Every structure is written in structure tokens, then in C-alpha cells.
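Inspection log for the structure reproduced underneath, given as C-alpha cells.
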2 protein chains.
Amino acid sequence: MISMKEIAKQAGVSVTTVSKALNNYPDISEETRKRIIEIAKKYNYSPNFTARNLALKKSNIIGLVLSDIRETDSNGNIIYRLLIGAKNFCSDNDFELLIINTDHKKQKTKKLEQLCKERQIAGVIIYGLKISDPYFEEISKFKLPCVLIDISIEGNDNVTTVTTDNIKAVKEVINYLYLKGHKNIAFINGLREAYVSKVRELGYREALKGLGLKVRNEYIKYADYYEDVAYEKAVELLKEHPEITAIFCASDLMALGVLRAINDLGKKVPDDVALAGFDGIQLSEYVNPRLTTVVQDFKEMGRIAAQKLIKMLKNESVERIDYVPYVFRKRESV
Amino acid sequence: MISMKEIAKQAGVSVTTVSKALNNYPDISEETRKRIIEIAKKYNYSPNFTARNLALKKSNIIGLVLSDIRETDSNGNIIYRLLIGAKNFCSDNDFELLIINTDHKKQKTKKLEQLCKERQIAGVIIYGLKISDPYFEEISKFKLPCVLIDISIEGNDNVTTVTTDNIKAVKEVINYLYLKGHKNIAFINGLREAYVSKVRELGYREALKGLGLKVRNEYIKYADYYEDVAYEKAVELLKEHPEITAIFCASDLMALGVLRAINDLGKKVPDDVALAGFDGIQLSEYVNPRLTTVVQDFKEMGRIAAQKLIKMLKNESVERIDYVPYVFRKRESV
DNA sequence: CTGAAAGCGCTTACAG
DNA sequence: CTGAAAGCGCTTACAG
């Protein structure tokens, strides 16, 4: 609870001198510096960051904005890893990480700018933002440094992106399915409004074209990242198009629903229908058969995002978009 | 970026008046209040909480201290739910939640008190603390309000606890196993230093006694909450004591290891060996057979912890210990 | 090398 | 009903 004022009194110097001594300014005699540090230690002094930030008109607080987060465990896994990655980097660099929950509705009520101002947030990392969200619009003119995860926006130098190279990853999956003899490959995509959905669909389409296969729109379904919806869509697909021998899902969770659907239809994975997912959630390696999937490195994504944001805060130059390495894990479902 | 000073200028009043108007003090004429609020809106004013907190010498920041967290997905699930629960409650009550990572080693370097002072933290919620940790000692004389999750300490009114009624839950499991005809029930416990391990073991012992069964120390193993270690311990147990027909694990993750062990020994769950876990992680309902377990409500635990801490900060009275309801989920593994 | 003074954006007892 | 002044704990140009 001791303040600089108190230390100054004890040391018989001014607060200015204490501040300088404690902050390693050069223009302090070794003798007084030592004395001051001694006293600080003795009274277990720790600086008041709040006051410091106020005086400096800057802050060391980074906001991790989570938008429209579904509180499922699969999602929890992902967010937890992002969080840990970002948090660890922040800690190592004397930044604080503040979690901010929001959703489409809340975004209409209060602007991101205001949220940040109130809390003296220096910059934000955003996850879960959709193209249709109010913040998406706001971000295009945002004045604070901002790192988007899994979504991209152009024309504002304050905003950069960290993501997986979705197109490359999806192509790898589709090419592999083709290599395994599949020609009729369906695609169960996530939420239309999600940026990654668009990109993954693009990858799917390009991959098919690259292989000389026809893209059939009937083979593409949207299950909004819900396991149950994916189940339904898979049933539809397999009933209406019995020629389908492989299904690629834009998330593992959806793939689990599809797996159930295939089983319920009396078919077997991978013999009757091959199945591949995306994300690399824990469950993917515990289900039977184990799921072939693209394992994203969310912890690293969080780390890179924090690192990038801190660089931006220091006016160091960064790439507009960074791709975090993924691993295409081939398992028994294909 | 506009401040009260600016608003005051625009409105032709003093900063004092602006402060009072914006904070709904009664001694302001309706007319000026309206004018000030108008201007504040027009310029999209938002208060600087940092300055506010400094002036009031209080803070609305709560620290969520995570100690020695294993970055596994199962753990991630748990922490994510705790976090969401606490975070939601904080948001609804105008408190901020700051994540703080620590571990046994870090705890030796810097006291919790100092961590809190630096960041102007009003109180803390702590998860993952062990009896052998430096903070445990410090907490016993802690001056800030503190809510411990899954660990208890007596003699300091600033410290309270939120947990599952582990003894009751464990007894329920053991009684159920007995009801299913099992008399030789082994117990694979977690980390000795963890408070919940002690309590769950107590529950196990008491349950057996209550049923008139003998407690055999050879039936109790410690796998430190590791899946792999649990695998090894299960192999030992089943080889050395073939009469064992049921194994209860202090965590689901360990139960997964045990499940593998049983399978690898050519036995079947539940016919040869019944298996029960603890926690209710997502995997517990996806494995085959699905795991009988005690489903803890971590989100609620986080919520209650935050609620309790905020009450303590407001000097309202709270229970020394709160039990969060759990659900004993009977599934095919028993 | 040291310190008085002004300032960061807010609050609040006090006087008028 | 309104405002000047002091204060929260810090920093930093500036003067000596």
C-alpha cells in the first residue's frame, strides 16, 4: 500500500527523484538510487500501474474480444487454446489481457471504440467476428490497433489478420480424398456469415476444379457448425445422392454429427463413406474411427496474434496477414 | 477521446458539475443535467474508468488466478467453463475479469499481494491452488477478498470457498457400484497435493465403511490426474488384484486411461470391470462405453465464485463454503 | 544530480 | 444549484 510519496519521505528526497530512481533514469546518483531501492524493497513497494498509465496516457491492456461464442466444449477447447497462447505472450511482455464478451446484439448497443476507451484498452484481438456484425463495419475505420483471428479486412492499416491457410488446407484434404479414389465428394460447410466458411468453400471448389471434377452445388450444404444440423444434412445428402462416397466437413464437430448419420443409415466409415473434418479438436482422436482432420494450432494463433498486436502498438511493421501452420492428420476415417 | 473537461467547456459549466450530472447526483438542475448529457452523447463521451478508479481509490477488477494449469483439452474445458461463468457474472455487474497465470515457481518470486496491488485488483478467484503452494500459505493471512475454487482454508474471513460436495458425490458413486454388485472397488486418485484428492479419498473410505466393506490401501493408487499414469496404475491393480470388479477414478481423463488399460488386458467394461469417473468432461459421453461419472457444473462454479467475491467486496455476508450442485450421470460403463 | 510544478481524467468535501 | 480546490499515484519538461 506504500506509495512513492511515502518512499520519498522516508528517503528524504522528492517524489520526482523516487520516480526516476525506480524507473532507472540515468540522472540519479548511485547513492540515492540505492537508498531509494532499499526502502522500496523494505516496504514491499509495487507501482500503481493505473496511475502510471493515466500519467503516461497509455495502457498495457489488450482486449481479447470474443464474439457470439457458443459455449460448447469444442468451442471451449479452441478459445481456451487461443487464450492461453495470447495470455502467455502478454505476460512475458508485461501486457495484460482482458476478456471481452460480445455478440451481434450487444455490438449494436455499444461501439467497440467505446468499450476500449472505457477500459483504457490499447488494442484488441478479435475472434468470432462475422461479416454481418456491426463491429465488422466499425473495424474498417478503427483507430486502435486490431488483430483479427480468422477473418480479414482490407484498407485499414490498423487491422491485420492471423489465420490458418484454409484454402491450402482444404485443398490438401480434397486432394487426399481424390487420391483415395473418391470422385463424388460432398462438403458440409459452417455458417455462411463466417469468413472461414467462405474461404473453405472456395478451397473446396478450387480443389475440385484443379482435379478436373465438376463442382455440384447440390453437394454443398450449410450446417452452421452445429453437430445436429450436420447430422440432418448428411442424411439428406446420402439419401438424395447415394453416389457420394466422401464427405468433408468444415468442422470436426459437424463431422461427428455426420459420423452418427452415416452409422444410423447403416453405412460404415470409411468403407462406404469416407469422412474428414477440420479443427483438430480433442474428440477427433477419440471417436471410432478416428477422424482425419486438419489440426489447427490455436495456441500458436493466440500467441502470434498477441505478438503481432504488441508489435503494432509499438509501431513496428507487421504483415497484413499471417498464416499459422496447421497439420493435416490422416486417420482411419478416410 | 473527449473528457469531462471538454464537456464542461462546451456546456459552460465546471468539471465538478459535469461529473455530478453524469453520475446522477441529485443536486443538479434538470436543465443543466440535460444539456450536459446531450453534449456527452453528441461527442460520444465515455468515462475513463482508470482515472475514476484512481480518484475513488477502488477498482472493479477481479483477478482469476489460474495456478499450475495443465494445458490439456480436458483441463481447457473445465477452465473455459469456469471462465465463462465468472466472466458473465462480472460483465453483468460492471466488474472486469483479469486472467492471471501462475505456478508453484512463479509464486515463489512474487507474492499474490503484489500482483494484485500492481494491477489494482480488488479481489481474486483462485483455481488450481495446491496445499503445497506458496500462495496457500499467503492466503491464510490475505487482506483482499478471495474465493477459492476446490480448496478450502480456515481462519481467515477474507477467504471463502466454492466447490462440489465431493464427499457426497463420491459416496453416491461408490454406493451405486455396490448396488450393482461390486464389492472389490479400487480407487485411482489424482495428485496428492490437491485438496479435492484428499476429500474424494475421504469420501471413498467413508463410503466403503458405510457399506461394511473393508478399506484396502492396496486398492488405492495415485495417478496425479494423468491419463497415462492411470493406465499404468490400472494395469498394476488388475494384475495384482484380479478380484477387483470396479474402478472409480477421481477424474474422467484418468478413467479414459483406465478404459484403455482394461481393453488392453482383454477385459470388457462394464462386464468384467465397471468404471466410473469424475468431472463430466465432454469425452465422457463420446467414449465407448459411455462413462458413468459425476458431472460437475463448472460454469455455475465460476458464476457463484464471482457472485460471492463481489458480495465480499461489498461487505455483504457470505457462506464460508458453497457447494455447487452436481449430477451423478449413470451411463454404460457401470 | 535534484526538485517544484503541472498534468493525466476523474471525484468529492466544502463554500457560496 | 454551482464551482474552486485538493486529491488519487504517477510522469516529465524545466529550472536550478
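Predicted model, so just to flag it, every value in this text is computed and none were measured. Per chain, numbering begins at 1; letters A, B, ... match sequence-line order.
- Looking at residues two or more places apart in sequence or on another chain, you find no salt bridge (Lys or Arg N to Asp or Glu O under 4.0 Å) involving Arg70(B).
- The same atom, P, is picked in dA4(D) and in dG7(C); the two are 16 Å apart, to the nearest Å.
- Residues meeting the salt bridge (Lys or Arg N to Asp or Glu O under 4.0 Å) test with Lys299(B), sequence neighbours left out: Glu71(A).
- For the side-chain hydrogen bond (donor to acceptor under 3.5 Å, both in side chains) condition, the pairs that include at least one residue of residues 54-65 of chain B, sequence neighbours left out, are Asn53(B)-Asn60(B).
- For Glu6(B), the side-chain contact (heavy atoms from CB on, under 4.5 Å) partners two or more places apart in sequence, or in a different chain, are Ile2(B), Ser3(B), Lys9(B), Gln10(B).
- Residues forming a side chain to side chain donor-acceptor pair (under 3.5 Å) with Asn101(A) (at least two apart in sequence, or on another chain): Asn88(B).
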- Dot-bracket pairing map - DNA chain C, Watson-Crick plus G-U, both contacts under 3.5 Å, | cross-strand: |||.||||||||.|||
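- Of the residues in residues 113-123 of chain B, not one comes within less than 4.0 Å of DNA chain C through any heavy atom.
- The number of heavy-atom neighbours closer than 6.0 Å to NZ of Lys110(B), taken from other residues, nucleotides and ligands shown, is above 12.
- Taking atom CD1 on Ile36(B) and atom P on dC1(D), their separation rounds to 13 Å, with Å as the unit.
- By the side chain to side chain donor-acceptor pair (under 3.5 Å) test, Thr102(B) pairs with no residue at all, sequence neighbours left out.
- Partners of Ala11(A) according to the side-chain contact (heavy atoms from CB on, under 4.5 Å) rule, which considers only residues two or more places apart in sequence or in another chain, are Val13(A), Arg35(A), Ile36(A), Ile39(A).
- Using atom P as the reference point in both dC1(D) and dC10(C), the two lie 24 Å apart (nearest Å).
- Residue pairs satisfying the side-chain hydrogen bond (donor to acceptor under 3.5 Å, both in side chains) criterion with at least one member in residues 134-146 of chain B, sequence neighbours excluded, are listed as follows: Glu137(B)-Lys141(B).
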Show me the donor-acceptor pairs within less than 3.5 Å that the side chains of residues 304-317 of chain A make with the rest of the protein, sequence neighbours left out.
| from | atom 1 | to | atom 2 | distance (Å) |
| --- | --- | --- | --- | --- |
| Lys308(A) | NZ | Thr161(A) | O | 2.7 |
| Lys308(A) | NZ | Glu319(A) | O | 3.1 |
| Lys308(A) | NZ | Asp322(A) | OD2 | 3.0 |

- Task: Heavy atoms under 4.0 Å is the rule here; annotate nucleotides 9-16 of chain C 5' to 3' with B where the base is hit, S where only the sugar-phosphate is, and - elsewhere.
- Result: BBBBBB--
